[in-house]
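Worth saying up front: this structure is predicted, and the values here are computed from it rather than measured. Below, chains carry the letters A, B, ... as their sequence lines are ordered, and counting in each starts from 1.
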Amino acid sequence: MELQELLYIIDLTGTFVFAMSGVITASERRMDIFGASVIGFVTAVGGGTIRDILIGSTPVGWMLNSDYLFVISAGILTALFLHKHISRWYKTMFIFDTVGIGLFTLLGMQKTLTFGLSPTVAVMMGTVSAVFGGVVRDVLVNRVPLIFRKEVYATACIAGAIFYAIVEPFYPGNIWTVMFSMAIIIAIRVTAVRRNWALPLPN
Amino acid sequence: MELQELLYIIDLTGTFVFAMSGVITASERRMDIFGASVIGFVTAVGGGTIRDILIGSTPVGWMLNSDYLFVISAGILTALFLHKHISRWYKTMFIFDTVGIGLFTLLGMQKTLTFGLSPTVAVMMGTVSAVFGGVVRDVLVNRVPLIFRKEVYATACIAGAIFYAIVEPFYPGNIWTVMFSMAIIIAIRVTAVRRNWALPLPN
Amino acid sequence: MELQELLYIIDLTGTFVFAMSGVITASERRMDIFGASVIGFVTAVGGGTIRDILIGSTPVGWMLNSDYLFVISAGILTALFLHKHISRWYKTMFIFDTVGIGLFTLLGMQKTLTFGLSPTVAVMMGTVSAVFGGVVRDVLVNRVPLIFRKEVYATACIAGAIFYAIVEPFYPGNIWTVMFSMAIIIAIRVTAVRRNWALPLPN
């Protein structure tokens, strides 16, 4: 299996897990199955969609590749029907979620750079790709976005993204820069969760 | 009167009723007249605007046709000034709202297909066109979108949209496919409200 | 110093103050420094970003000019580190905020007209440019947008914008039309705050 193929499978798996996590959040808020499905969908595609709209890449990405629609539908249905059994899978889901976030950051950066935008903007858009699906989900279920209050994984994305932005120009197109940047994101997030790290409050 | 003309009048009437309903929702939330007007506006155009942004049809539709601005202003002013009398009109408003939702779904699908997107995406964007004005309204008045909790009309839109997506290719451009798809949406919604149907919760 | 230069400095100063005010709002809501920074950012660029997306000017403006990113970062850092001292500066901040709102309205209108859209749409987009950063901020901190409830400054923007829309065609490109329209916005807002003006509620 090619490395590119592996990355594509990670992309789809991450999308699947994002869709599931959206449905689970919605279920806890007493939404019906339509509402839960919409929340699952926007959690999975929200970050990439906001990035695409901001950089001007329309129609947005998921409209052009039916693999995503298929994987998201599968994630939504799995969460709807196997809701009660999912708690056993939290560890597995956490792994795929974390790897997915790492990859989404890098793919988001690459797409932004393709549009001729600056590395600084690419770092921002990479982080938005990974993190803002959850922000849209939280706005729709009417709560302050979790990530603004205590999660540390946006910081992990930013760290990996900055690494990529600095190293990429020295080894253009080298896939190991991608892999290493992802590893940084995954490592920081796993450590942060284990040690219960949190960013300081402003006041 | 041509059928196309009739559909345009339904479009404008639906927009008018959407604007009114937005203002009414805002009034119940103690907004001032500026806030109520903005909510009326986004309720009327929100769904189509989100569709246009996602498929890349910008400037968004309502900017290019002053009929919409005129009709929305009229709907907002009517609701602001005749607020107390509106409760008597609920039945009439419900009819126009339902017919409007049916038409918005179909118009949203047609525009999406014009952009070369797949029938699956067209079903989604048709539903978004009809339903997401209310979602934006609910986010702005800070409540969980009603449609995610108990309304069944998104399901009605999806059913009519799927019918259209399947039948249209057999009779391309035939206006009766539009009319029949709208009839399905209207029939399901009216029945759903009468019988108090609701989608099941996930858990 | 050229007048154009002066306007650019006002633009950047207004952006700086907007970013600060976003961070302050977020701090009151117990967000961490990442959350507060994001809120500062969207408060500063949110209005112009929504305008750019709606009229189809992508990539959105702030991605193409690093001055904005620099000024916003400075505003966020100032608010994060000098949080406790800011209360002394409220008067100064109010002045720059008010002048900034006046300028953002006019710049937003000019950009909208450049895209060939109607003066009515330009009035709306000018107001959106000035006001919707605060709306996005309020949605993200999960409260009903302040401006929909009691602020009167949207009305000030609309008044100045309508003046500009009417007078500009008679003196095309004359910078004094811009200055005078800004003066109207500033005068109405300052008077409104002094006299505690508020728009009536609909009911």
Side-chain angles (χ1 to χ4, degrees), chain B residues 20 22-42 45-46 48-50 52-70 72-73 76-87 135-144, chain C residues 47 49-60 111-128 130-132 134-159 188-189 192 197-203:
Chain B
M20 282 181 68
V23 172
I24 295 167
T25 304
S27 307
E28 291 159 359
R29 291 291 182 121
R30 310 200 56 68
M31 291 188 172
D32 65 21
I33 60 171
F34 171 76
S37 301
V38 173
I39 302 294
F41 193 86
V42 300
V45 304
T49 299
I50 292 178
D52 284 350
I53 291 171
L54 292 173
I55 67 175
S57 172
T58 51
V60 297
W62 57 264
M63 291 188 172
L64 304 169
N65 180 344
S66 56
D67 287 359
Y68 290 109
L69 293 185
F70 184 79
I72 292 167
S73 305
I76 290 170
L77 290 173
T78 306
L80 285 177
F81 286 109
L82 302 177
H83 188 59
K84 280 164 196 163
H85 307 279
I86 281 173
S87 56
V135 171
V136 179
R137 174 199 65 206
D138 289 342
V139 167
L140 288 179
V141 303
N142 197 28
R143 68 179 180 193
V144 176
Chain C
T49 299
I50 291 178
R51 175 204 62 219
D52 284 349
I53 291 171
L54 291 173
I55 67 176
S57 172
T58 52
V60 296
K111 189 163 189 181
T112 307
L113 292 168
T114 306
F115 273 70
L117 295 161
S118 71
T120 311
V121 172
V123 169
M124 297 172 72
M125 289 302 103
T127 308
V128 163
V131 161
F132 267 61
V135 171
V136 178
R137 174 199 66 206
D138 289 341
V139 167
L140 289 178
V141 304
N142 197 29
R143 68 180 181 195
V144 176
L146 206 58
I147 194 144
F148 295 164
R149 282 177 294 143
K150 59 180 177 190
E151 285 275 359
V152 86
Y153 73 86
T155 324
C157 296
I158 294 169
I188 294 180
R189 186 175 183 207
W197 282 349
L199 287 178
L201 301 183
N203 44 353

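- Val141(B) is not listed as a side-chain neighbour of Phe148(C), based on a closest heavy-atom distance of 4.5 Å or more.
- At a 4.5 Å heavy-atom cutoff, the contact between Val144(C) and chain B is made by backbone and side-chain atoms alike.
- Between the CD1 atom in Ile55(C) and the CE atom in Met63(B) there is a gap of 7.0 Å [rounded to 0.5 Å].
- Annotation for Met124(C) and Leu69(B): closest pair SD-CD2, 4.2 Å, computed over non-hydrogen atoms.
- Neither the backbone nor the side chain of Thr58(C) comes within contact range of chain B; no heavy atom of the residue lies under 4.5 Å from a heavy atom of that chain.
- Between Thr120(C) and Ser66(B), the closest side-chain pair of non-hydrogen atoms is not below 4.5 Å.
- Contact detail for Ile147(C) and Asp32(B): the closest heavy-atom pair is O-OD2, 4.2 Å.
- Proximity to chain C is absent for every atom of Phe81(B), based on heavy atoms less than 4.5 angstrom apart.
- If you tally non-hydrogen atom pairs under 4.5 Å between each of Gly35(B), Ala36(B), Ala79(B), Pro59(B) and chain C, the highest count goes to Pro59(B).
- Both the backbone and the side chain of Ile53(C) come within contact range of chain B, with heavy atoms under 4.5 Å apart.
- Among Leu64(B), Ile39(B), Val139(B), Val38(B), the residue with the largest count of heavy-atom pairs under 4.5 Å with chain C is Val38(B).
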